[in-house]
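As the structure lists them, so they are numbered: ligands from 1, and atoms in each ligand from 1. Values below: every heavy atom of this structure, side chains too, minus hydrogens, waters and symmetry copies.
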Amino acid sequence: MDAPSEPSDTRQADRPLLAVLRGERRDPTPVWLMRQAGRYLPEYRALRAEKGGFLDLVHDSEAAADVTLQPIRRFGFDGAILFSDILVIPHALGQDLRFMAGEGPRLSPPLVDYALDGLEAAPERLDPVYETVRLVARDLPPETTFLGFAGSPWTVATYMVAGQGSRDQAETRRMAYRDPKAFGAIIDAIAASTVDYLGKQIEAGVDAVQLFDSWSGSLSPAQFEHWVIAPNAKIVAELRDRYPDTPIIGFPKGAGEKLPAYARETMVDALGIDETIDPEWAADALPEALPVQGNLDPLALIAGGERLDHATDRIKRAFAGRPHVFNLGHGILPDTPIAHVEHLLACVRQG
Ligand code: CP3
């Protein structure tokens with residue numbers, strides 16, 4: 001028998017968030033916040049102004065590593081999330097990507113009227129992200145879990161097809177009905193590069209990964225099976241086969257009553273739930289051993305005061321009997337007061 005080999009990283013300390021993602025219960029529950037590296041932090045805004053565009057910041061590995069670490073230095077969250085974006089995958093598949101001030105992302109050409117195989121893939125565009133992972137893994141406190149991420153194929157496809165964000169993803173939903181073959185090829189291409197991308201993040205040093213499916217709530221149940229559950233199940237199976245020790249968090253925002261099927265069929269290790277889900281319903285409806293992440297309303301965090309305390313307490317109580325990661329139900333908003341984040345952390349951590 002082989003002697004147990006030394007893990008290649010030097011980060012050996014207990015990491016409570018990683019333990020929970022692997023199915024342990026911890027008290028206090030570990031906490032991090034989606035979009036915790038970003039515009040609500042003055043130190044982020046300063047670096048962003050110095051570096052120019054958002055994408056320039058993502059491609060500057062030293063700066064991106066610094067942004068990843070900013071919320072850890074300030075708040076000591078249990079998890080650090082890699083600073084990048086879900087739209088780097090369309091960029092690597094050959095679309096042009098720009099972030100327009102005040103208008104959000106633009107991808108061209110939009111695939112609603114341009115064939116996928118006309119694009120020239122540029123996977124080297126992801127190389128700076130792997131370098132960011134290596135730099136963060138080197139500098140992160142040993143007790144902090146390092147999270148990589150990617151968008152899920154459906155959500156990424158909504159941007160690739162429309163060329164930008166949209167209120168109801170109608171163009172993409174139409175294409176999925178009108179031409180399921182062409183649309184399926186887009187989903188498959190995203191899924192394949194996502195497996196490769198997340199695999200390389202894992203090899204560069206992340207401890208766990210999250211799949212963001214921000215727009216999964218716009219699909220009918222049958223379309224949800226087809227375009228959300230099936231590709232995510234495939235991504236999970238392929239990653240687990242290669243990296244059995246790396247937990248995968250699925251976050252199908254807006255999935256509502258479809259959450260139990262999503263958890264069962266994708267076989268994610270942990271499930272992120274948004275703020276529209278009643279924590280007590282989730283505690284009942286989801287398998288007892290499944291780690292759940294969430295689900296404070298980002299607006300309650302902005303409001304602060306008694307309502308914040310009440311909502312925080314309700315989530316803590318509902319999930320006290322299972323592995324739970326405290327988080328928001330969606331990303332932290334730019335106008336969130338820093339003092340409210342500090343207060344939330346104190347509440348979550350006071351046993
Ligand atoms: O702190 C973190 O969570 C790490 C980094 C991260 C970003 N985007 C940085 C970012 C993560 C995990 C994301 C995910 C992401 N990006 C999603 C899924 C989660 C969600 O919030 O729904 C989506 C849909 C995107 C696409 C995207 N990126 C949009 C629509 C926009 C513009 C609107 C906005 O939120 O600002 C971005 C830009 C973006 N991504 C910023 C940041 C910090 C703001 C860029 C800036 O500095 O101006």
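Counting heavy-atom neighbours within 6.0 Å of Arg134 CZ, excluding the residue itself, gives a total above 12. Counted within 6.0 Å of CZ on Arg98, heavy atoms from surrounding residues, nucleotides or ligands total 12 or fewer; the atom is thus considered open.
To the nearest 0.5 Å, the span separating CG on Leu135 from CG on Leu140 amounts to 12.0 Å. With rounding to the nearest 0.5 Å, the separation of CG in Leu97 from CZ in Arg106 is 11.0 Å.
When hydrogens are left out, the protein atom nearest atom 7 (C) of ligand 1 is Ser84 O, 3.3 Å; that is the closest non-hydrogen contact. Protein heavy atom in closest approach to atom 40 (N) of ligand 1: Asp85 OD1, 2.8 Å.
At least one heavy atom of Tyr44 sits less than 4.0 Å from an atom of ligand 1. Under a 4.0 angstrom heavy-atom cut-off, Gly165 registers as lying outside contact with ligand 1. For the pair Gly151 and ligand 1, no heavy-atom separation below 4.0 Å is found.
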- Carefully, step by step, assess Phe183 and Trp154 under the rule ring-ring contact (aromatic ring centres under 6.0 Å, His included). CA-CA 10 Å; Phe183 186 66; Trp154 164 255; 5.8 Å; yes
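Side-chain contact between His226 and Leu219 is absent, with no heavy atoms from C-beta onward closer than 4.5 Å.
Using modelled atom types, no side-chain atom of Asp274 and backbone atom of Gly329 make a donor-acceptor pair closer than 3.5 Å.
Set against the non-hydrogen atoms of Arg48, the atoms of ligand 1 under 4.0 Å away are 46 (C), 47 (O), 48 (O). When each atom of ligand 1 is checked for a heavy atom of Leu82 under 4.0 Å away, the hits are 4 (C), 5 (C). The ligand atoms of ligand 1 that sit less than 4.0 angstrom from a heavy atom of Ala37 are 1 (O), 43 (C).
In Leu57, neither the side chain nor the backbone holds a heavy atom less than 4.0 Å from any atom of ligand 1. For Arg35, heavy-atom contacts with ligand 1 shorter than 4.0 Å involve the backbone as well as the side chain. Neither the backbone nor the side chain of Lys253 comes within contact range of ligand 1; no heavy atom lies under 4.0 Å. By the criterion of a heavy-atom distance under 4.0 Å, neither the backbone nor the side chain of Ala101 is placed next to ligand 1.
In summary, the aromatic rings of Phe326 and Phe77 are positioned with their centroids too far apart to meet the 6.0 Å limit.
Atom 33 (C) of ligand 1 lies below 4.0 Å from none of the non-hydrogen atoms of the protein.
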